[in-house]
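Below: the structure, in structure tokens.
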There are 2 protein chains.
Amino acid sequence: MMATKEKALLTERQALSSSGLRITSQRALILDIIGRGHEHLDADEIYRQARKKDPRLSLSTVYRNLQMLKKAGVIDELRFGESRHHYEIKSAVEHHHLVCLGCGKVVEFKCRLCPEMRKDVARKEGFDITGVEVTMTGYCAKCRQGRR
Amino acid sequence: MMATKEKALLTERQALSSSGLRITSQRALILDIIGRGHEHLDADEIYRQARKKDPRLSLSTVYRNLQMLKKAGVIDELRFGESRHHYEIKSAVEHHHLVCLGCGKVVEFKCRLCPEMRKDVARKEGFDITGVEVTMTGYCAKCRQGRR
DNA sequence: ATGGCTGCAAAAGTTTTGCACTTCT
DNA sequence: AGAAGTGCAAAACTTTTGCAGCCAT
């Protein structure tokens, strides 16, 4: 059986090849870094990690690729109330984000009630809804203790 | 009976006086502009509108006041997936935002299911949740027609 | 009077762009 | 070959900050 990470990587690469974008070493590297784990990195973090493997990589290339990969539907751009954007591989499963205000950890969660909520709003407001984004903030179990 | 707008204005001013912040003409002006309608203006729009009444007002004063009013709990800062922040008077009633991708219109809606959703996530993830933000995007009735 | 607030100018942080050169297909 | 992508440097855009003087309390 194939390991999850390999499978995920394969999917990313497939998405990349079928996106019409050329596969350059820089682009593959950037995508691999975004795909590793669920770290929700920002552009500069991706840049710094990528430079370890390719020291000649430029920050503009990172930004340009983030834009293109986003437009191609390979990655999603997230905002957690900071000034910077964060990125993740586009997931087949809709999920949302919970940010710990203590340690900055970001947890993904699935939202059982969202489909109904979406229908509710569409009907009430007469909108054709294309996206639902839920961001919760709070304190994780660990950080909660310190605040007592 | 008092008109809604006047009532709202009164509430804003009350919030301002009880916030410990001084009431300067600039601050009052900025707050009035944010409070007018439900326009969800960004800093620069607030600045431009305010300058019509007070041409000497500086952009830094706008930014500084937005920070202070936010910290004082008088206004809320919103992000609609753009680079700029938008602002609204803090409302007693929790509500969320629906942004039209066609015309940019922002509609506020109340979320019947959010309290339950919040409890769900808190229990499942072990978080103490302090904030829930839902942003939906789509096309309003008017803009939907043009896309057919 | 005095500490908070303002305007101005300069800086900081993030993201975008122009251009010449390189690489993928 | 030709289009797409890259690196570098410069610019753009939003937001923050230092400082000297001003004003609300």
Side-chain angles (χ1 to χ4, degrees), chain A residues 13-34 40-72 74-87 104, chain B residues 13-34 40-72 74-87 104:
Chain A
R13 292 292 182 100
Q14 280 169 350
L16 182 46
S17 1
S18 59
S19 69
L21 298 178
R22 284 185 182 172
I23 300 176
T24 62
S25 62
Q26 295 93 331
R27 182 162 294 155
L29 176 55
I30 289 167
L31 193 54
D32 281 4
I33 287 172
I34 300 172
H40 303 99
L41 303 171
D42 63 41
D44 197 62
E45 288 164 340
I46 294 167
Y47 174 59
R48 286 206 303 269
Q49 289 201 21
R51 278 187 79 120
K52 289 179 195 161
K53 287 219 169 184
D54 175 2
R56 296 215 44 205
L57 181 74
S58 80
L59 184 55
S60 7
T61 296
V62 172
Y63 273 110
R64 261 187 299 234
N65 274 292
L66 291 174
Q67 284 310 316
M68 300 178 88
L69 291 168
K70 182 175 66 162
K71 206 168 283 178
V74 182
I75 62 175
D76 274 327
E77 190 179 71
L78 309 172
R79 264 154 250 257
F80 298 133
E82 300 167 35
S83 49
R84 294 167 278 160
H85 304 162
H86 295 251
Y87 298 88
Chain B
R13 292 291 182 102
Q14 281 170 348
L16 182 47
S17 359
S18 58
S19 69
L21 299 178
R22 285 188 181 169
I23 301 176
T24 63
S25 61
Q26 294 94 331
R27 183 163 294 155
L29 176 55
I30 289 166
L31 194 54
D32 282 3
I33 287 172
I34 299 172
H40 304 98
L41 303 172
D42 63 41
D44 197 63
E45 288 164 340
I46 294 166
Y47 174 59
R48 286 206 303 268
Q49 289 201 22
R51 279 187 79 121
K52 290 180 194 160
K53 287 218 168 181
D54 176 2
R56 296 216 42 208
L57 180 74
S58 80
L59 184 55
S60 8
T61 296
V62 173
Y63 273 109
R64 259 187 300 236
N65 274 293
L66 291 173
Q67 285 310 315
M68 300 178 87
L69 291 168
K70 182 175 65 161
K71 206 167 284 178
V74 182
I75 62 176
D76 274 327
E77 191 178 70
L78 308 173
R79 266 155 256 253
F80 297 134
E82 299 168 36
S83 50
R84 294 167 276 161
H85 304 161
H86 295 250
Y87 297 87

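- Side-chain atoms of B/Arg51 come within 3.5 Å of backbone atoms of B/Leu57 as a donor-acceptor pair (strictly under, hydrogens ignored).
- Between B/Asp44 and B/Val62 there is no side-chain heavy-atom pair separated by less than 4.5 Å.
- Under 4.0 angstrom from either OP1 or OP2 of C/dT15 there lies at least one side-chain N or O belonging to A/Tyr63.
- Counting only heavy atoms from C-beta outward, the side chains of A/Ile34 and A/Leu66 approach each other to under 4.5 Å.
- Note that the OG atom of A/Ser83 and the CZ atom of B/Arg79 stand 8.0 Å from one another [nearest 0.5 Å].
- The line from CD1 of B/Ile23 to CG of B/Leu16 is 4.5 Å long, rounded to the nearest 0.5 Å.
- Using a 4.0 Å cut-off on heavy atoms, none of the residues of residues 44-55 of chain B approach DNA chain C.
- At C/dG7, one or more side-chain N or O atoms of B/Thr61 fall inside 4.0 Å of OP1 or OP2 (strictly under the cut-off).
- In plain terms, the two heavy atoms of B/Tyr87 and B/Ala43 that are nearest each other are CE1-N, 4.4 Å.
- Distance OH/A/Tyr47 to CG/A/Asn65: 13.5 Å, rounded to 0.5 Å.
- Using modelled atom types, no side-chain atom of B/Arg27 and backbone atom of B/Leu21 make a donor-acceptor pair closer than 3.5 Å.
- Between A/His86 atom NE2 and C/dT15 atom C1' there is a gap of 14 Å when expressed in whole angstrom units.
- Taking a heavy-atom distance under 4.0 Å as the criterion, the stretch of DNA chain D touched by chain B extends 5' to 3' from D/dT14 to D/dT25.
- In the helix from C/dA1-D/dT25 to C/dT25-D/dA1, the end axes, each obtained as the rotation axis mapping the C1' atoms of four pairs onto the next four within a five-pair block, lie 40° apart to the nearest 10 degrees.
- Side chains of A/Glu77 and A/Gln67 form a contact here, defined as non-hydrogen atoms less than 4.5 Å apart.
- Between B/Ile75 and B/Leu31, some side-chain heavy-atom pair lies under the 4.5 Å cut-off.
- Under the 4.5 Å side-chain criterion, counting only non-hydrogen atoms from C-beta, B/His85 is not in contact with B/Leu78.
- For C/dT14, the OP1/OP2 oxygens have no side-chain nitrogen or oxygen of A/His85 closer than 4.0 Å.
- Ring geometry, A/His86 versus A/Phe80: the interplanar angle falls from 30° to 60°, so the pair is classed tilted.
- Using a distance-only test at 3.5 Å, with no hydrogens or angles considered, a donor-acceptor pair links the side chain of A/Glu45 to the main chain of A/Asp42.
- One interatomic measurement links the two molecules: CZ of A/Arg84 to C1' of C/dG13, which rounds to 9 Å at whole-angstrom precision.
- The salt bridge (Lys or Arg N to Asp or Glu O under 4.0 Å) check on A/Asp76 picks up A/Lys90, with sequence neighbours excluded.
- By the 4.5 Å heavy-atom criterion applied to side chains, B/Leu29 and B/Gln26 are not counted as neighbours.
- Sorted by residue number, the members of residues 64-72 of chain A with any non-hydrogen atom under 4.0 Å from DNA chain D read A/Arg64, A/Asn65, A/Met68.
- Nearest-nucleotide mapping onto DNA chain D: of B/Asp42 and A/Leu57, the residue sitting toward the 5' end is A/Leu57.
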Please write out each protein N/O paired with an N/O of nucleotides 22-24 of chain C under 3.5 Å, distance rounded to 0.1 Å.
unit_1, atom_1, unit_2, atom_2, d
C/dC24, O2, A/Arg22, NH1, 3.0
C/dC24, O2, A/Arg22, NH2, 3.3

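- Taking NZ of B/Lys52 as the start and CD1 of B/Ile33 as the end, the distance is 8.5 Å to the nearest 0.5 Å.
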